[in-house]
Amino acid sequence: MPTTFTLNTGTQIPWLGFGTGTALYSKDASQLVRQAIDAGVNHLDGAQMYNNEETLGTGIKQSGKPRAELFITTKLNGKVLQPGQTIKDTLQVSLQKLGLEYVDLFLIHDPTPATKQSNETLIDWWKQMEGVYADGLAKAIGVSNFKVSDLEIILPGAKVIPAANQIELHPYVWQEAEPIVRLCHEKGIVVESYGGLSPIVRVPGGPLDPTLETIRQRLAKDHGQPVSAGQVLTKWLSAKKAVVVTTTSKVERIKEFQDLPKIPDLTLEEVKQIEESGAELHKRSYMGHVFQ
Ligand SMILES: NC(=O)c1ccc[n+]([C@@H]2O[C@H](COP(=O)([O-])OP(=O)(O)OC[C@H]3O[C@@H](n4cnc5c(N)ncnc54)[C@H](OP(=O)(O)O)[C@@H]3O)[C@@H](O)[C@H]2O)c1
């Protein structure tokens, strides 16, 4: 499995990102960010909406890790854009909070505050994103929670193609996600997954469980060491060529992710089995805009 993906800017995004939303939403993330960086994670995923960018910045600073060795993402909270305020204004506030001169990736977190107004508003947002990219405040720009129709609004007039689309991705949303992933790959847009552990964390006891268990046992046997159901799910995300954005309070869990490249990959048959079992239940955990 690849340990980095190449963005359309030519730079590399590490396959594993540590997120400061969900469990850390509106909380001080500094300790866990520091823990993740100390454990060797070099990709951090933040957002204006998470209301903790200062603490992401503190964790980064306390780690002592050179800036150039880290990949930092933040995301536009379009819900709070005020009339007369630009996207650049909001990114400058984020950079100040983070204590950084630039982010490696800046994403539109959610297209709906724009599309509720008009398609033209979303087109204007993307133009503004191209502006912050040209200014060097973001080394790459992208989107999040964009379904096919959202991408189709911005792509025809885009001077810069989004570098990434961060979406909820796991087998219980795969049928609806597949067209988004296909379009992204056709356009050279890297897919970033979040909520990838949902089948075991948020929807346990579903139709996928027996399939995960069978594959987990096969991988443990071939690897000669224990393999977890979470690792099987993450292998599936990797088979879908997705960056994995996760979070954890536990160093052991970070290690589980980092061990993944050493574990054998899923066979094509196993990938198919996971998708077939996943198709028996449709269950999203996050933005209802993207999936029913
Ligand atoms: N763009 C967006 O709209 C969007 C939306 C949601 C999330 N995100 C990003 O993605 C990041 C990760 O999201 P996520 O939390 O949904 O990721 P996830 O990888 O699906 O879940 C991680 C959570 O699952 C728990 N966990 C892991 N293994 C477990 C197990 N075996 N049993 C019970 N709990 C387990 C972890 O807790 P422990 O502390 O116990 O390990 C952690 O809180 C966020 O922080 C954010 O940066 C983005």
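Remember, it's 1-based here, ligands and their atoms both numbered in the order they're listed. Note that the structure is predicted; figures quoted are calculated from it, not measured.
Val148 and Trp126 fall within the same hydrophobic cluster, where Ile, Leu, Val, Met, Phe, Trp and Tyr residues are linked whenever their side-chain heavy atoms come under 4.5 Å apart, directly or through other members. A continuous path of hydrophobic side-chain contacts links Leu281 to Leu212 [ILVMFWY only; heavy atoms under 4.5 Å]. One hydrophobic cluster holds both Val181 and Trp15 under the rule that ILVMFWY side chains link at heavy-atom gaps under 4.5 Å.
Below 3.5 Å of separation, one finds no N or O of Val201 facing any N or O of ligand 1. Ligand 1 has an N or O atom lying under 3.5 Å from an N or O atom of Gly21, backbone or side chain. Not one N or O of Lys75 is nearer than 3.5 Å to an N or O of ligand 1, by distance alone. At under 3.5 Å, a nitrogen or oxygen of Gln166, whether backbone or side chain, sits near a nitrogen or oxygen of ligand 1.
When the heavy-atom distances from atom 19 (O) of ligand 1 to Thr246, Leu44, Val245 are ranked, the shortest goes to Thr246. Compare Tyr50, Tyr194, Phe257 by their heavy atoms: the one nearest to atom 46 (C) of ligand 1 is in Tyr50. Among His289, Arg202, Glu256, the residue whose heavy atom sits closest to atom 21 (O) of ligand 1 is Arg202. Nearest to atom 47 (O) of ligand 1 by heavy-atom distance, out of Asp45, Val290, Asp110, is Asp45.
For Asp45 and Gln166, the side-chain atoms include at least one donor-acceptor pair closer than 3.5 Å. No side-chain N or O of Ser30 forms a donor-acceptor pair with one of Thr58 less than 3.5 Å apart. The closest side-chain donor-acceptor pair between Ser94 and Gln48 falls under 3.5 angstrom.
Ranking protein heavy atoms by distance to atom 16 (O) of ligand 1, first place goes to Tyr286 OH, 2.5 Å. At the shortest separation from atom 39 (O) of ligand 1 among protein heavy atoms lies Ser249 OG, 2.6 Å. Scanning the protein heavy atoms around atom 3 (O) of ligand 1, the nearest turns out to be Asn145 ND2, 2.9 Å. Ranking protein heavy atoms by distance to atom 41 (O) of ligand 1, first place goes to Thr248 OG1, 2.5 Å. The protein atom (non-hydrogen) at minimum distance from atom 44 (C) of ligand 1 is Thr22 OG1, 3.4 Å. For atom 42 (C) of ligand 1, the nearest protein heavy atom (residue, atom name, distance) is Thr247 O, 3.2 Å. In terms of protein heavy atoms, atom 32 (N) of ligand 1 is closest to Arg253 NH2, 4.2 Å. What sits closest to atom 40 (O) of ligand 1 on the protein, heavy atoms only, is Lys250 NZ, 2.5 Å.
Salt-bridge formation is not detected for the pair Glu275/Lys272: no Lys NZ or Arg NE/NH1/NH2 atom is positioned less than 4.0 Å from an Asp or Glu carboxylate oxygen.
Taking the centre and axis of the six-membered ring of Tyr102, the NZ or CZ atom of Arg67 falls inside the cone set by 45° and 6.0 Å.
The residue Leu107 has no part lying near ligand 1, judged by heavy-atom distances below 4.0 Å. When non-hydrogen atoms are compared, ligand 1 lies under 4.0 Å from neither the backbone nor the side chain of His170. The part of Ser144 lying near ligand 1 is the side chain, judged by heavy-atom distances below 4.0 Å.
Between Gly278 and Leu208, the shortest heavy-atom distance links the atoms N-CD1, 3.9 Å. Nearest heavy-atom pair, Asp209 versus Pro199, reported as atom, atom and distance to 0.1 Å: OD1-O, 4.2 Å.
No heavy atom of Phe18 sits closer than 4.0 Å to any atom of ligand 1.
Those atoms of ligand 1 with a heavy atom of His109 less than 4.0 angstrom away are 1 (N), 2 (C), 3 (O). Within ligand 1, counting atoms from 1 as listed, the ones closer than 4.0 Å to a heavy atom of Gly196 are 20 (O).
Lys235 contributes a side-chain N or O that, together with a main-chain N or O of Ile263, makes up a donor-acceptor pair within less than 3.5 Å.
When the options Leu70, Ile72, Thr4 are evaluated for a side-chain contact (heavy atoms from CB on, under 4.5 Å) with Asn42, the one that passes is Leu70.
Between His109 and Tyr50, the ring planes lie perpendicular to each other; the angle is over 60°, past the 30° to 60° tilted range.
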